[in-house]
Chemist: 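Here it is, the structure in full.
On a predicted model such as this, the values are computed, not experimentally measured, just so you know. All ligand and atom numbering here is 1-based and tracks the order in the structure.
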Amino acid sequence: MATMETVAERDRIKTITTHYIDGAFVESHGREVMDIIKPTNGKVIARVTLGDEEDTRGAIAAAKRAFATFGRTTKEERARYLRQLHEAVSERIDDLTAVMVEEYGGVARFARLIVESGVNAFAAAEKGLQELPLRQSWGKTTVTLEPVGVAGLITAWNANALFICLKLASAVAAGCTVVIKPSEMSSLQTRVMVECWNAAELPKGVYNVVTGLGTVVGAELVRNPDVAKISFTGSVAVGEAIMRDGAATMKRITLELGGKSPTILLDDAALDQAVPAALTLAFMNSGQACAAGTRLLVPKSRFDEVKRAMRDAMRAFTVGDPADLNIAVGPMVSQKQYERVESYIRKGIEEGAEVLVGGEGHPAGLEAGYFVKPTVFVNVKNDMTIAQEEIFGPVLSVIAYDSEDDAIRIANDTCYGLHAYVNGTDVRRARHVASQVLAGRVAINGLLDDQQAPFGGFKDSGVGREFGTYGIEAFLEPRAILEV
Ligand code: NAD
């Protein structure tokens with residue numbers, strides 16, 4: 001019986017042995033094979049053959065050949081390609097959502113939003129492109145914005161569809177050709193996406209996708225002199241290495257890195273709305289979100305009230321099967337990520353923070369997968385490890401403040417500066433507070449997205465911006481021609 005089950009399971013395991021290079025799926029030269037594990041039960045669901053330096057160099061060469069023509073396309077041609085991509089991806093939103101739930105454990109209701117943002121990235125890039133003057137002149141001077149060349153796009157595992165679509169959309173708008181190295185943990189999601197892009201029938205070589213390890217495929221992209229630009233989403237440590245190693249070939253570099261975003265609850269906030277909203281920000285994407293609001297700053301005068309409201313509101317943050325639309329928090333992506341989050345919960349307890357809800361260990365009945373308990377710590381000091389380091393799991397630190405100035409000081413007392421949230425009834429006051437927070441984006445009274453607004457970080461949260469014209473400009477180089 002056991003043997004039969006093993007055989008049946010083996011039959012269900014998908015295999016991916018190809019990369020997408022020069023307009024076709026080609027067999028991997030690299031031979032290393034990696035298991036893809038389903039986060040809800042720890043079982044192998046796919047085996048992926050990882051690319052090596054030779055696969056990467058083949059993809060770079062294809063992108064370089066394609067750039068000779070694609071780099072000279074007009075705005076109208078690029079706009080047409082973006083529309084083709086948008087159409088092709090729009091048709092498979094359900095499939096893209098389902099594979100994100102399966103491979104990554106993204107909760108279905110959030111996974112769909114991520115996929116839709118990825119789809120919209122192509123439409124938004126077209127709009128941004130139309131608004132961006134690629135040629136300007138005055139007197140006898142003409143300035144044109146030229147595509148920078150072949151770009152290497154290296155991404156994290158936590159919102160694969162959005163990252164790879166957003167970076168590809170901006171690059172295509174700029175006239176760049178690309179080699180994409182998605183996280184190896186997003187191989188199934190990437191495969192469905194590449195099938196969509198393939199249906200869009202872009203000229204061959206414009207985008208190439210090599211699945212593999214960061215230290216192999218990613219490192220080759222960073223090192224290779226035929227790659228002019230790296231656009232990276234991931235951790236600060238890898239971002240630093242890319243900046244350092246990319247300097248040898250003077251790479252243009254965009255880095256989208258981590259965060260420890262504050263949610264500032266002003267003393268006039270309506271708690272029935274503000275507390276559930278703050279929890280949603282903390283636990284979005286099961287806490288595995290760079291922009292998660294993981295520090296909640298609460299006026300001392302309302303601390304007890306907030307604690308009570310939080311205990312009540314936490315009942316809505318159910319943990320479980322991410323495919324279930326009623327579930328708010330799914331598993332962590334991997335055993336490693338599970339252990340990382342658990343170690344931070346332990347550290348918070350050791351450093352003297354008080355667990356209001358949650359705590360260590362699996363939630364009851366969910367021992368098989370990488371599930372953690374959504375955890376709220378109160379009595380947190382901003383210099384504690386759980387308030388300073390990015391945990392990347394559903395762990396919220398609640399910190400008391402004395403005055404508005406104190407709240408702003410605490411909000412900015414971090415090495416990060418990716419996102420911030422301000423919640424209050426007096427919108428003028430909320431705007432005043434928002435204008436003093438050192439973060440690339442500050443949202444007032446809820447989570448808003450605007451794909452024309454820049455996204456990116458102050459301080460250690462990154463270098464450069466994505467989205468809208470800002471994101472397209474990151475793939476462009478100005479050239480001025482001056483006539484006597
Ligand atoms: P990671 O830095 O470990 O990996 C990111 C990518 O870099 C992966 O594709 C990986 O294979 C590759 N890589 C690893 N070593 C490399 C090397 N030496 N050279 C080139 N590439 C290399 O990050 P992760 O664990 O996949 O993602 C989580 C991190 O990403 C968190 O810190 C999170 O905040 C950050 N993130 C930031 C944003 C943003 O927009 N700012 C969005 C999502 C995630």
Chemist: Could you tell me whether M243 atom CE has more than 12 heavy atoms of other residues or ligands within 6.0 Å of it?
Modeler: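 Counting neighbours around CE of M243, 12 or fewer heavy atoms of other residues, nucleotides or ligands fall under 6.0 Å, so no.
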
Chemist: Looking only at non-hydrogen atoms, which of A156, P182, G214 approaches atom 22 (C) of ligand 1 most closely?
Modeler: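 Ranked by closest heavy atom to atom 22 (C) of ligand 1, first place is G214.
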
Chemist: Both conditions, 6.0 Å and 45 degrees, for the charged tip of R441 above the ring of Y421: are they met here?
Modeler: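 Verdict for Y421: no cation-pi partner in R441.
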
Chemist: Numbering the atoms of ligand 1 from 1, which are under 4.0 Å from a heavy atom of L418?
Modeler: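 Under 4.0 Å from L418, ligand 1 has these atoms: 41 (N).
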
Chemist: Under 4.0 angstrom from ligand 1, any heavy atom of G462?
Modeler: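 No, that is not the case, since the closest heavy atom of the residue is not under 4.0 Å from the ligand.
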
Chemist: Looking only at protein heavy atoms, identify the closest one to atom 32 (O) of ligand 1 and say how far it is in Å.
Modeler: E390 OE1, 2.6 Å

Chemist: Is the shortest distance from a heavy atom of A219 to ligand 1 less than 4.0 Å?
Modeler: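 Yes, A219 has heavy atoms under 4.0 Å from ligand 1.
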
Chemist: For ligand 1, which atoms have a heavy atom of N158 less than 4.0 angstrom away?
Modeler: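 Contacts of ligand 1 toward N158, numbered from 1: 43 (C), 44 (C).
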
Chemist: Minimum heavy-atom separation for M100 and N158, please, with both atom names.
Modeler: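 It is CE-O, 4.2 Å.
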
Chemist: Output all residues satisfying side-chain hydrogen bond (donor to acceptor under 3.5 Å, both in side chains) with T17, sequence neighbours left out; order by chain, then residue number.
Modeler: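 T17 satisfies side-chain hydrogen bond (donor to acceptor under 3.5 Å, both in side chains) with E27 once adjacent residues are dropped.
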
Chemist: May I ask which of S461, G234, G212 has a heavy atom nearer to atom 35 (C) of ligand 1 than the others do?
Modeler: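 Heavy atom nearest to atom 35 (C) of ligand 1 belongs to G234.
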
Chemist: When only distance counts, is S235 in polar contact with ligand 1, meaning an N/O pair under 3.5 Å?
Modeler: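 The answer is yes, given that S235 and ligand 1 share an N or O pair closer than 3.5 Å.
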
Chemist: Residues in side-chain hydrogen bond (donor to acceptor under 3.5 Å, both in side chains) with N224, at least two apart?
Modeler: E220

Chemist: Are the ring centres of F70 and Y81 closer than 6.0 Å?
Modeler: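 Centroid separation for F70 and Y81: below 6.0 Å.
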
